[in-house]
Asker: 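Just passing along the structure, written as structure tokens.
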Amino acid sequence: MLRRLYRFHGYGSLNKVYRSGATLRGGSLSLKYGGRKPGTGYRVAVVVSKKVHKSAVVRNRIRRRIFEAIRHYAQDQTLASDLVFTVFDDRVAAMPSDQLTADVARLLEKAH
RNA sequence: CCAGAUUAUUGGCUAAUCGCGUGAGCUUCGGCCUACGAGGAAAGUCCGGGCAGCAUAGGGACGGGCAGUCGCUAACGGCGACCGGGGGCGACCCUAGGGAAAGUGCCACAGAAACAAAACCGCCAGCUUGCUGGUAAGGGUGAAAAGAGUGAGGUAAAAGCUCACAACGCUCUACGGUGACGUAGAGAGUCGGUAAACCCUGCCUGCUGCAAGGAGAUGGAUUCUCUCGAGCCUAAAGCUCGAAGCAUCCCGCUGAGGAUUCAUCACAAGAACCGCUCGAGCCUGCGAGCAAUCGUAGGCCUAGAUAGAUGAUUAGCAGUCCUUGGACUACAGAACCCGGCUUACAGAUAAUCUGGCACC
RNA sequence: GGGCGAGUGGCGGAAUUGGUAUACGCGACGGACUUAAAAUCCGUUGACUGUAAUGGUCUUGAGGGUUCAAGUCCCUCCUCGCCCA
């Protein structure tokens with residue numbers, strides 16, 4: 001899990017990314033990223049709808065694994081954008097962590 | 001040992017590295033350090049309360065809920081014990097279980113007849129030979145056809161029509177029990193089912209919900225809104241009544257709300273907050289009680305997030321599945337808090353009891 | 001978090017106070033018309049299972065209950081949808 005500083009708070013800023021952000025598609029998840037002024041850091045949200053999986057435990061695991069992959073990526077690279085990951089497949093809960101980290105890193109690379 | 005019954009507990013473990021939230025401490029304000037951090041169902045939202053607002057929520061109507069008895073409880077549609085009924089060889093389990101002679105509705109099809117009484121077939125008698133009368137024991141219809149078995153008497157043929165014994169529910173009396181009810185005796189036995197149909201009886205019940213609500217209190221001034229209508233009056237002013245609010249209606253109660261500003265008291269930067277976690281709280285012992293539960297003594301503080309922390313990876317062990325070797329770790333994620341109910345749940349453990357077999 | 005509603009053939013959609021479940025439309029199948037097809041007309045059509053023949057059993061999201069009888073009444077669960085800052 002990322003620190004509170006790097007997460008979204010409230011609907012307004014999230015809706016702004018949904019309206020004006022650009023979209024990248026991956027295997028099981030997509031990324032919307034949007035304009036933030038340079039030098040102001042980054043914010044991340046992960047959206048896992050109830051249609052992905054009925055169990056709240058599985059949805060929580062998906063969310064935490066993606067946050068963890070982003071955290072490892074942010075240790076080496078610098079991020080500067082609003083990032084919204086949307087999951088549409090429950091394979092994310094069971095796939096090996098190396099593959100998940102690579103998928104997330106590929107999306108983040110494209111966004112820059 | 002095998003097959004069961006009931007109840008309770010547990011719900012992968014250890015280590016390393018990297019992280020997140022809250023509180024305390026330190027700080028050179030960059031951080032550092034330390035403690036704690038999902039459940040028995042956190043779930044479904046099916047009930048009941050606390051708490052908050054609407055009048056310190058008051059009476060009645062309407063509506064809704066519950067239903068054996070006695071207890072427990074803050075309360076309950078929950079729990080415990082007992083009674084009646086049903087199931088099991090048994091341990092034990094299941095049970096929405098008030099009232100149908102207060103009234104109303106419904107009982108399709110079939111059937112002669114469906115809640116008010118009845119003759120279709122059969123049996124018996126009479127004569128006009130296909131009608132009349134007698135007969136509710138038998139047949140047939142149906143979920144249900146006047147409570148009723150065996151034997152004897154009785155008759156034209158029959159029938160609780162009469163008698164003996166047995167069964168059934170009802171009423172009364174006696175005894176036992178706080179009570180539901182049980183046991184015994186006596187009496188009279190034509191007179192459905194359905195109340196998870198309306199209804200009657202008894203008891204309970206205001207509405208909205210933390211997305212509630214708060215974010216100064218008291219007093220005064222000005223102004224606006226609800227605000228308009230009717231009556232008294234020539235008109236104005238004034239008075240009275242109604243309308244307004246109390247989230248269904250009547251009674252009853254009250255004028256209510258917003259903005260600006262002044263004074264006094266209080267508060268001290270916070271809407272990124274409070275409510276928010278110390279509570280019908282948990283653990284242990286003792287006592288009362290068959291038990292639910294209650295009393296008492298000692299000890300303990302045990303998540304409080306807010307697009308939402310409680311995690312990720314690696315190694316070893318334990319277990320399960322299939323073929324070396326891999327895969328997997330029951331059900332499942334707090335959202336104001338409690339008491340229950342219901343539903344989901346791999347495996348492991350413990351206690352008590354029942355039936356059967358073998359041995360001593 | 002809190003509050004509501006719905007579920008009937010392959011699809012849509014009826015079924016009055018409990019009383020023959022699936023009326024009606026679409027679709028599908030067979031036949032007629034045609035050289036062939038479309039349109040039109042006629043007929044069949046829930047599932048399973050028989051017999052020489054008439055048939056029998058099950059079915060309203062799932063399970064249970066009340067009743068002679070349940071799509072309808074009551075309870076528990078499942079799925080889908082809607083509303084509230």
Side-chain angles (χ1 to χ4, degrees):
Chain A
M1 181 51 68
L2 293 168
R3 296 182 61 191
R4 197 175 141 73
L5 177 67
Y6 301 121
R7 287 184 261 142
F8 277 87
H9 308 286
Y11 288 91
S13 49
L14 207 53
N15 279 330
K16 185 179 174 187
V17 179
Y18 270 121
R19 274 200 309 273
S20 61
T23 307
L24 287 172
R25 286 185 66 86
S28 297
L29 62 161
S30 67
L31 169 64
K32 255 188 180 295
Y33 63 100
R36 260 209 131 182
K37 291 174 189 168
T40 53
Y42 63 97
R43 289 184 297 184
V44 182
V46 176
V47 178
V48 187
S49 116
K50 206 171 186 176
K51 286 182 181 174
V52 173
H53 202 280
K54 280 173 60 182
S55 164
V57 174
V58 174
R59 292 199 303 273
N60 262 337
R61 182 174 305 128
I62 290 170
R63 200 168 50 85
R64 285 167 179 155
R65 294 189 76 188
I66 293 174
F67 271 121
E68 188 70 12
I70 295 164
R71 190 176 65 82
H72 282 294
Y73 183 84
Q75 282 175 344
D76 307 325
Q77 316 282 331
T78 53
L79 291 168
S81 187
D82 279 341
L83 305 164
V84 178
F85 286 87
T86 305
V87 180
F88 47 84
D89 196 324
D90 63 348
R91 284 177 300 178
V92 180
M95 75 168 53
S97 63
D98 295 342
Q99 189 187 340
L100 179 60
T101 308
D103 281 358
V104 171
R106 192 167 58 248
L107 286 171
L108 290 172
E109 288 289 340
K110 281 192 200 169
H112 275 276

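So that the names make sense, note that chain A is the first sequence line, chain B the second, and so on, each numbered from 1.
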Asker: B:C46 and C:C78: how far apart are their P atoms, nearest whole angstrom?
Answerer: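 To the nearest whole Å, 12 Å.
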Asker: Sort me out a list of protein N/O and nucleotides 310-315 of chain B N/O pairs below 3.5 Å, or just none if empty.
Answerer:
residue	atom	partner	partner atom	Å
B:U310	OP2	A:R64	NE	2.9
B:U310	OP2	A:R64	NH2	3.2

Asker: Which one is paired to B:C286, where only Watson-Crick or G-U wobble pairs with both distances under 3.5 angstrom count?
Answerer: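 Answer to the pairing question: B:G295, which forms a Watson-Crick or G-U pair with B:C286.
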Asker: Which is it for B:U324, anti or syn, if anything within 90° of zero counts as syn?
Answerer: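 Classified anti.
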Asker: What distance, rounded to whole Å, do you find between the two C1' atoms, one in B:C66 and one in B:G48?
Answerer: 13 Å
Asker: If pairing requires Watson-Crick or G-U wobble contacts with both distances under 3.5 Å, which nucleotide is the partner of B:A75?
Answerer: none
Asker: Does any pair with a residue in residues 23-33 of chain A pass salt bridge (Lys or Arg N to Asp or Glu O under 4.0 Å), and if so which ones, sequence neighbours excluded?
Answerer: none
Asker: In the structure shown, which nucleotide is the Watson-Crick or G-U wobble counterpart of B:G23, with both distances under 3.5 Å?
Answerer: B:U34
Asker: With rounding to the closest Å, how many angstrom separate the P atoms on B:U10 and B:C274?
Answerer: 35 Å
Asker: Quote, to the nearest angstrom, the C1' distance that separates B:C338 from B:G281.
Answerer: 10 Å
Asker: Whole Å only: how far is the CZ atom of A:R59 from the P atom of B:A43?
Answerer: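 Value for this atom pair: 13 Å.
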Asker: Rounded to whole angstrom units, what separation is found between the CZ atom of A:F67 and the P atom of B:C20?
Answerer: 13 Å
Asker: Expressed as a whole number of Å, how far does the P atom of B:G258 sit from that of B:G53?
Answerer: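 16 Å, rounded to whole Å.
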Asker: Only stems of 3 or more consecutive Watson-Crick or G-U pairs count here, both distances under 3.5 Å; name the ones for RNA chain C, or none.
Answerer: C:1-7 with C:78-84, C:10-12 with C:24-26, C:27-32 with C:40-45, C:46-49 with C:55-58, C:61-65 with C:73-77
Asker: Evaluate side-chain contact (heavy atoms from CB on, under 4.5 Å) for A:R59 paired with A:R63, printing each intermediate quantity in order.
Answerer: CA-CA 6 Å; A:R59 292 199 303 273; A:R63 200 168 50 85; over 6 Å; no
Asker: Determine whether A:V92 and A:V48 satisfy the following criterion, side-chain contact (heavy atoms from CB on, under 4.5 Å), listing intermediate values before the conclusion.
Answerer: CA-CA 11 Å; A:V92 180; A:V48 187; over 6 Å; no
Asker: Considering only the C1' atoms, how many Å lie between B:U6 and B:A291, rounded to the nearest integer?
Answerer: 16 Å
Asker: If I take atom CD1 from residue A:I66 and atom CG from residue A:L83, how far apart are they, to the nearest 0.5 angstrom?
Answerer: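 Answer rounded to 0.5 Å: 12.5 Å.
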Asker: B:A280 and B:C13: how far apart are their P atoms, nearest whole angstrom?
Answerer: 32 Å
Asker: Just name whichever nucleotide pairs with B:A263, Watson-Crick or G-U, keeping both distances under 3.5 Å, else none.
Answerer: B:U218
Asker: Counting only Watson-Crick or G-U wobble pairs whose two distances fall under 3.5 Å, which nucleotide matches B:C66?
Answerer: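 Across all strands, the one nucleotide that pairs with B:C66 is B:G202.
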Asker: Under a 3.5 Å limit for both distances, which nucleotide forms a Watson-Crick or G-U wobble pair with B:A236, could you say?
Answerer: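 Check on B:A236: unpaired, no WC or wobble geometry under 3.5 Å.
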Asker: Scan every strand shown for a Watson-Crick or G-U wobble partner of B:A8, both distances under 3.5 Å, and answer none if you come up empty.
Answerer: B:U349
Asker: Heavy atoms, side chains only, cut-off 4.5 Å: are A:F85 and A:V44 in contact?
Answerer: yes
Asker: Using 4.0 Å as the upper bound for N to carboxylate O, is an ion pair formed by A:E68 and A:R71?
Answerer: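 A salt bridge links A:R71 with A:E68.
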Asker: Between B:C165 and B:U69, how many Å separate the two P atoms, rounded to a whole number?
Answerer: 40 Å
Asker: With RNA chain B as reference, determine whether A:A56 or A:V44 sits nearer its 5' end, using the nearest nucleotide of each.
Answerer: A:V44
